[in-house]
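The structure under discussion appears below in the form of structure tokens.
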Amino acid sequence: MLDLKQIRENPQAVQAQLNRRSGDYDLEPILIRDRQQRELEATRSQLQARSNEIGKLIGQKMKAGSDPQGAAILVLKEEGNQIKTQLSELEPREKEYKAEIEGLLLNLPNLPRLSTPDGKNETENVEVRRWGDEYLPKNDNILPHWEIGEKLGILDFERSVKVARSRFVSLLGAGAALERALISFMLDCQTAAGYGEVLPPLLINSETLTGTGQLPKFAEESFRCQDDDLWLTPTAEVPLTNLYREEVLEASQLPIYHCAYTPCFRREAGSYGKDTRGLIRLHQFNKVELVKLVHPETSEAEHETLVRDAEAILQALKLPYRVLELCTGDLGFSAAKCYDLEVWLPSSGTYREISSCSNCWDFQARRASIRFKEAGKKGTQFVHTLNGSGLAVGRTMSAILENYQQPEGTIQIPDVLQPYLKREVLIPESG
RNA sequence: GGAGAGGUGGCCGAGUGGUCGAAAGGCGCAGCACUGGAAAUGCUGUAACGGGGUAACUCGUUCGAGGGUUCGAAUCCCUCCCUCUCCGCCA
């Protein structure tokens, strides 16, 4: 959520930053309602002040022994009643305005950083660096991961459609074990890097989704439980960040680092026909997520180290990748600045997103009211929240099935995973 | 699911209709004193959010959430959420 005060005091500057994003955003309705709300508030609080005064006066008189039915008290009561009538008209109107402003604010995306490159869409993202050219596979005729996976008997898409619907998969035998090995490996790396492991709830409520920005605007992206105010978590960023919702932390508690393995559930509305095969775009996938809550002064540096922590996994697995900085047109709703990691997928000859590392600045903290207090200082400040995948597990699996594919149709297991999987090569499953 | 008890400031915890009580006391935090320095001790200060004001300051809101009664509600009534204890059930 943007700062209403900032919008009020500097509407042109805020509007200019919003205009750099894709989509149209208009601050005018907010400014109008805000002005009306404040006018009402001035009147209302004056009436309330008088009403409070009357209450005190009556109290004083009663204590002093006045007759409760006496004229002096009845006059005051009458005035109190009149004020109550006036307030009963003003109060609901002011509440309505406030709710309206809140609703409008909740639908505005974060402001990009000034340094964020301009651009219309993903084609204008900027490559920051590239790693691992020496690990690009040399062999031709690499099968797409879904084909080699089915040949090896470790992926079953067809039967999973029967059990759930399209865009679901079952991992079998060594496939399931490889996924599990990847999860353990990633968690071991990230906990060693200082992220405290969390296994959060996977069903989460609306407030939680509002806190990080998935609601109200993107309700159609998540699965909802019909009989409860609960949704399937679309990414661990949501429960992890909201762990601290409505809290005032001590500055000394910052920074807070968390990592979590969770399944993630996404409806993928509007992506019909895109990535219909394989592990790239499923309704359910596994991910190890990194979340940081930090002091505003350190947030840019923390963002850089977060990206490095995600990259470390790809480097350990020797998977070629590149780092992009997203342009304003491709920036997510809550992000002020974002780096994507893209891993090389040889079957399609492209880099595909495997991690997205965002600095949400104070945007989520304001929505979720996550603040901190500096010892001795008056008031509170909002923390900065950051999140990134470290990494998307299914996409890592597909990258391994392709980059480590051998000409004879087996899969070499990356060195660092061998202790986890207790084998060096994947051969076709017997049954 | 049944019975009971609760939800108050950054934390713990008093407070059951009235000015003096946004709220005792404690912890924490900050300043000062004491000390070579610290600990301990003593004194002082310390809620958040919104409005107005250059500021000093000032008005309002907030005692789980939302309604109601009243001139006046942390305190009474209704609904909901959550926590704890006992019983039942269950992995």
Side-chain angles (χ1 to χ4, degrees), chain A residues 1-9 30-105 199 201-211 225 227-231 239 242-254 256 293 295 362 365-383:
Chain A
M1 189 152 63
L2 300 182
D3 183 3
L4 180 58
K5 216 179 273 179
Q6 191 192 357
I7 294 176
R8 179 154 70 217
E9 284 166 7
I30 293 180
L31 291 168
I32 291 169
R33 274 294 181 246
D34 177 51
R35 225 172 292 132
Q36 293 171 320
Q37 186 275 123
R38 278 186 298 151
E39 269 172 40
L40 264 182
E41 179 168 345
T43 318
R44 193 218 69 216
S45 74
Q46 270 175 27
L47 283 171
Q48 243 152 7
R50 178 57 186 161
S51 167
N52 291 343
E53 203 182 348
I54 290 170
K56 280 180 189 171
L57 284 172
I58 293 178
Q60 278 169 6
K61 288 187 191 298
M62 304 273 275
K63 263 241 161 100
S66 295
D67 173 11
Q69 299 304 317
I73 286 185
L74 287 181
V75 165
L76 284 171
K77 280 195 183 183
E78 177 50 30
E79 191 186 349
N81 272 324
Q82 278 175 17
I83 290 175
K84 204 154 51 154
T85 312
Q86 296 181 61
L87 281 174
S88 71
E89 203 240 317
L90 295 183
E91 269 180 337
R93 219 160 17 118
E94 197 194 340
K95 261 188 199 173
E96 218 173 279
Y97 286 177
K98 277 193 164 159
E100 226 176 291
I101 292 166
E102 171 95 356
L104 290 166
L105 282 175
L199 192 55
L202 302 182
L203 293 182
I204 55 181
N205 62 37
S206 299
E207 255 185 279
T208 294
L209 283 153
T210 306
C225 300
D227 295 334
D228 300 276
D229 177 31
L230 289 170
W231 307 64
N242 277 278
L243 241 25
Y244 299 92
R245 192 174 70 236
E246 281 148 52
E247 289 196 25
V248 179
L249 304 161
E250 303 268 356
S252 60
Q253 288 176 265
L254 302 176
I256 293 172
L293 307 190
H295 193 290
D362 60 359
R366 186 170 273 116
R367 288 177 157 244
S369 185
I370 308 172
R371 296 170 294 166
F372 72 95
K373 197 177 171 62
E374 219 130 20
K377 272 198 198 165
K378 227 177 141 48
T380 59
Q381 301 177 63
F382 290 108
V383 301

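In this text the structure is predicted, and so the values were computed from the model without any measurement. By convention in this document, chain letters (A, B, ...) are assigned in the order of the sequence lines, proteins followed by strands, and residues within each chain are numbered from 1.
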Do any side-chain nitrogens or oxygens of A/Lys373 fall under 4.0 Å of OP1 or OP2 in B/U46? no

Using a cut-off of strictly less than 4.0 Å, decide whether A/Lys95 has a side-chain nitrogen or oxygen near OP1 or OP2 of B/G67. yes

Complementary nucleotide of [N], counting Watson-Crick and G-U pairs under 3.5 Å:
N     : result
B/U62 : B/A47
B/C90 : none
B/G10 : B/C27
B/A33 : B/U41
B/G21 : none
B/U70 : none
B/A3  : B/U85

For nucleotides [N] and [M], find the distance between their [atom1] atoms and express it as a whole number of Å.
N     : M     : atom1 : answer
B/C43 : B/C27 : P     : 11 Å
B/G4  : B/C11 : C1'   : 27 Å
B/G7  : B/C57 : P     : 35 Å
B/G17 : B/A73 : C1'   : 6 Å
B/G66 : B/G9  : P     : 15 Å
B/U62 : B/U75 : P     : 11 Å
B/G6  : B/G13 : C1'   : 13 Å
B/G68 : B/A47 : P     : 31 Å

Check step by step if salt bridge (charged side-chain N to carboxylate O under 4.0 Å, His left out) holds for A/Glu102 and A/Lys98. CA-CA 6 Å; A/Glu102 171 95 356; A/Lys98 277 193 164 159; over 6 Å; no

When rounded to the nearest 0.5 angstrom, what is the spacing between CD in A/Glu246 and CZ in A/Arg371? 9.0 Å

With rounding to the nearest 0.5 Å, note down the distance linking CD in A/Glu78 to CD1 in A/Ile83. 10.5 Å

Gap between atoms [atom1] and [atom2], on [X] and [N] respectively (whole Å):
X        : N     : atom1 : atom2 : answer
A/Leu87  : B/C59 : CG    : P     : 17 Å
A/Leu40  : B/G51 : CG    : C1'   : 12 Å
A/Glu247 : B/G9  : CD    : P     : 13 Å
A/Arg33  : B/G51 : CZ    : P     : 17 Å
A/Ile7   : B/G50 : CD1   : P     : 14 Å
A/Gln46  : B/U61 : CD    : C1'   : 16 Å
A/Glu91  : B/U62 : CD    : C1'   : 14 Å
A/Gln60  : B/C20 : CD    : P     : 8 Å

Please tell me which of the listed nucleotides, [options], lies nearest to the side chain of [X]?
X        : options             : result
A/Asn52  : B/G51, B/A48, B/U61 : B/U61
A/Ile54  : B/C49, B/C71, B/C59 : B/C71
A/Lys84  : B/G52, B/G60, B/U70 : B/U70
A/Ser45  : B/G10, B/G60, B/A48 : B/G60
A/Arg371 : B/C71, B/U19, B/C49 : B/C49
A/Gln48  : B/G60, B/C20, B/A48 : B/G60

Run the salt bridge (charged side-chain N to carboxylate O under 4.0 Å, His left out) test on A/Arg38 and A/Glu41 for me, step by step, so that the C-alpha distance in whole Å, both residues' side-chain angles and the decisive distance to 0.1 Å come before the verdict. CA-CA 5 Å; A/Arg38 278 186 298 151; A/Glu41 179 168 345; over 6 Å; no

Using a heavy-atom cut-off of 4.0 Å across all strands, would you classify [X] as base, sugar-phosphate, or nothing?
X       : value
A/Ser51 : nothing
A/Ala42 : nothing
A/Lys98 : nothing
A/Ile58 : base
A/Glu41 : base

Please step through side-chain hydrogen bond (donor to acceptor under 3.5 Å, both in side chains) for the pair A/Arg245 and A/Thr208, ending with a clear verdict. CA-CA 8 Å; A/Arg245 192 174 70 236; A/Thr208 294; 2.9 Å; yes

Nearest nucleotide by nearest heavy atom, which residue falls closer to the 5' end of RNA chain B, A/Leu57 or A/Arg38? A/Leu57

Between A/Arg44 and A/Leu4, name the one whose nearest nucleotide on RNA chain B is closer to the 5' end. A/Leu4

The test is salt bridge (charged side-chain N to carboxylate O under 4.0 Å, His left out); show your working for A/Lys373 and A/Glu250 and say whether it passes. CA-CA 5 Å; A/Lys373 197 177 171 62; A/Glu250 303 268 356; over 6 Å; no

A/Glu91 and A/Gln48: side-chain hydrogen bond (donor to acceptor under 3.5 Å, both in side chains), yes or no, with the steps? CA-CA 10 Å; A/Glu91 269 180 337; A/Gln48 243 152 7; 3.1 Å; yes

Under 4.5 Å between any side-chain heavy atoms of A/Leu203 and A/Trp231, yes or no? no

